[in-house]
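A short write-up of the structure that comes next.
Naming: A, B, ... by sequence-line order, numbering from 1 per chain.
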Protein chains: 2
Amino acid sequence: MTSKATSIDIAYKAGVSQSTVSRALRNSPLVNLETRQRIQAIAKELNYKVDKNASNLRMQNSQTLALLICEDPTNDDSMINPFFLSMLGSITRATARQGYDLLVSFQQLSSDWHADYEDSNKADGIILLGYGDYMDYAHKLDKLIEKNTHFVIWGAEHNNKAVLSIGCDNHQGGYIATEHLLGAGRQKIAFLGDASGHSPEFRDRYLGHVAALNAAGIQADKQLQHHAINTEASGYDAAIALLDKGVLFDAIFTGSDLIAIGAMRALKKRGVTVPEQVAVVGYDDIPIASFANPALTTVKQDTQFAGEILVESVLKLIRGQEVSQRLIKTSLVVRNSCGTKADDL
Amino acid sequence: MTSKATSIDIAYKAGVSQSTVSRALRNSPLVNLETRQRIQAIAKELNYKVDKNASNLRMQNSQTLALLICEDPTNDDSMINPFFLSMLGSITRATARQGYDLLVSFQQLSSDWHADYEDSNKADGIILLGYGDYMDYAHKLDKLIEKNTHFVIWGAEHNNKAVLSIGCDNHQGGYIATEHLLGAGRQKIAFLGDASGHSPEFRDRYLGHVAALNAAGIQADKQLQHHAINTEASGYDAAIALLDKGVLFDAIFTGSDLIAIGAMRALKKRGVTVPEQVAVVGYDDIPIASFANPALTTVKQDTQFAGEILVESVLKLIRGQEVSQRLIKTSLVVRNSCGTKADDL
DNA sequence: CTGAAAGCGCTTACAG
DNA sequence: CTGAAAGCGCTTACAG
């Protein structure tokens, strides 16, 4: 097989200069229409593809976006947070639609990435996913800012205004979940998740939960909140701990579906029926949620839309256009675990 | 902020030529150790990163792999096959470990990709995932071969020997699943999945299933096989159809976990108990499997290992090294749906 | 409308 | 051990 065709080969075949070939392939109106079409036909015939490296080098950009998914090292290495995976799908599609390529990397919080991608011209911009614990990565973001990197971060609004964040409205999500439970007649609603400031998303969900309680004239009870990280096992442990405390509750709202699944397992183990005795509402609407038993009512984040906005935003940043923080509304997916829908199994 | 540093900036600062800088940064022993270290220090200080486009252009490679995940268009757009996602994770990691970047793309079977990545020098090699229906893509592979593209395909062994395929031993998987059911005393085992030649993976699983039956002196009963594609809904429909046929069965082996989950829903709906009346074994060990009720016994494919082999194989292809087909052994994950493990909920 | 020429930032044979 | 120079394959101002 002969080596790859270059624009010079085409120029030779078409009897024009290499510059004209380059213009024709970019469909420049400067080139005579007929010549242009002839050149394009030859290019197709020779199976020519513009060399991205040469083109990028010359144009000083890469038409590529980098997606850095940062997993919490506490999670099982083999199991990626399903929510991220859903985002990955929509980001990939949105990137392709904009004519960009997508470089994907899974990083540990601890590893050293900085602006590696953009500095080496491998990507024009970066999308950061899953930077759960604010404390741990704040200084890395500072470095990105300092170097003028184009990046968007998925998640809660940032106190550093130089950081562009796009995220779902966690406060609203916590609010509608709790509101729904209250509407179903539940009064003693427990919260399982991280309510400290370490995980801004979880904290906002908790605050929304509290706000809904207050709106109904109910005071949040410190006894009804228990810490849990985003794993099934942690949800199980937290529910058991809650049960062991001896406080009464008729519902649980959790910071994530994984926690909810774990909590339901604990309830079942202890002979507590869901939703009859305790209603459960999760967060994320991961695939597992609909297959849980009973099927889990949960707060859904529109990953399709979120991916699009994320991509659109970095691209705007790259083009030097105006962009601003953005909060995406969540919606409640009502299934059986909250007791307000007939069991349809 | 000043613009990006180049090797010339470093050369100036270090008082050497640009060539020496380039050599020093690549850690060439040709450069005096002391000079080398001085240059590297300056590079670090200036936050210098080699421009990938320039470097790749010059070296005529890209240090990048492309991963093309091809989804079956029949699937829900928002839901990517969880098995692929698991592979994606391990491929990403394996690629990074080898010092390569990973370009990811989700493609529809119908879309036109060919060797776009390699032709444009965006990637040195391609990994193809999920090319389920052989009939539909065979001609595309021919094009890749014709163009001398470096690619590996995940899945069943290919009849075109020019195609390098890496996959799990589906025949063996079907065999051990069925063997296990037989060992648990089941005699009338149904198979739900695509047993036609359109999906080589499913077909091999089916053939392994039949082989295990035969080894036990049992003839496969045509009545006990029902077509299903890889979705929960299709599994549900297939199980209902099987039930409606009126044939008796005491176990179901399915081509995938998704099908199994759907089948279990159908059984539950019709009042058939799992595993007491009908044992169920799935395939893939997707996360949902362990959360199903009862937890699903299934054939696990080692995605961690598979990802590594896949990456290693394309890399060998790129380097012109010898590579060969490879079949990875599967293992059975025994849970509750097959009736041989105590319910530990 | 077209061509000759410069240059993007590297790597590496060649010469010393 | 080091430097001057060529060249990877493009894009685009400049000149006509």
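Between B/Lys49 and A/Glu118 there is no salt bridge, since no side-chain nitrogen of the basic residue lies less than 4.0 Å from a carboxylate oxygen of the acidic one. Salt-bridge formation is detected for the pair B/Arg97/B/Glu308: a Lys NZ or Arg NE/NH1/NH2 atom is positioned less than 4.0 Å from an Asp or Glu carboxylate oxygen.
Rounding to whole angstrom units, CD1 of residue A/Ile8 and P of C/dG3 are separated by 13 Å. Atoms CG (B/Asn56) and C1' (D/dG9) sit 13 Å apart, rounded to a whole Å. Atom CG in B/Asp9 sits roughly 13 Å away from atom C1' in C/dC10 (whole-Å rounding). At whole-Å resolution of the value, CD1 in B/Ile39 and C1' in C/dC10 are 15 Å apart. Rounded to whole Å, atom C1' of C/dT12 lies 11 Å from atom CD of B/Gln18. Protein atom CG of B/Asn53 is 11 Å distant from nucleotide atom P of C/dG9, rounded to whole Å.
Put simply, B/Ser55 has no side-chain N or O that comes within less than 4.0 Å of OP1 or OP2 on C/dC10. Within the structure, every side-chain polar atom (N or O) of B/Ser19 is placed at least 4.0 Å from both OP1 and OP2 of C/dT12. Phosphate proximity of C/dC10 to B/Ser22: absent, as no side-chain N or O sits under 4.0 Å from OP1 or OP2. Under 4.0 angstrom from either OP1 or OP2 of C/dC10 there lies at least one side-chain N or O belonging to B/Ser7.
Side-chain polar atoms of B/Thr20 and B/Ser17 form a donor-acceptor pair below 3.5 angstrom. Between the side chains of B/Asp51 and A/Asn121, at least one donor-acceptor pair of N or O atoms lies under 3.5 Å. Checked by atom type, the side-chain pair A/Ser62/A/Asp124 shows a donor-acceptor distance below 3.5 Å.
Residue B/Leu57 has its side chain nearest to D/dG9 when only D/dC1, D/dC10, D/dG9 are considered. Side-chain atoms of A/Gln60 lie closest to C/dC8 of the nucleotides D/dC8, D/dC10, C/dC8. Here C/dA4 is the nucleotide among D/dG3, C/dC1, C/dA4 with the atom lying nearest to any side-chain atom of A/Arg23.
The same atom, C1', is picked in D/dG16 and in D/dT12; the two are 16 Å apart, to the nearest Å.
Residue order along DNA chain D, read from the 5' end via each residue's closest nucleotide, puts A/Asp51 first among A/Asp51 and A/Thr20.
Counting non-hydrogen atoms under 4.0 angstrom, A/Arg26 reaches the backbone sugars and phosphates but no base. B/Thr6 comes within 4.0 angstrom of the backbone, heavy atoms only, and of no base.
Base pairing of D/dA4: no nucleotide in any strand meets the Watson-Crick or G-U wobble criterion (both distances under 3.5 Å).
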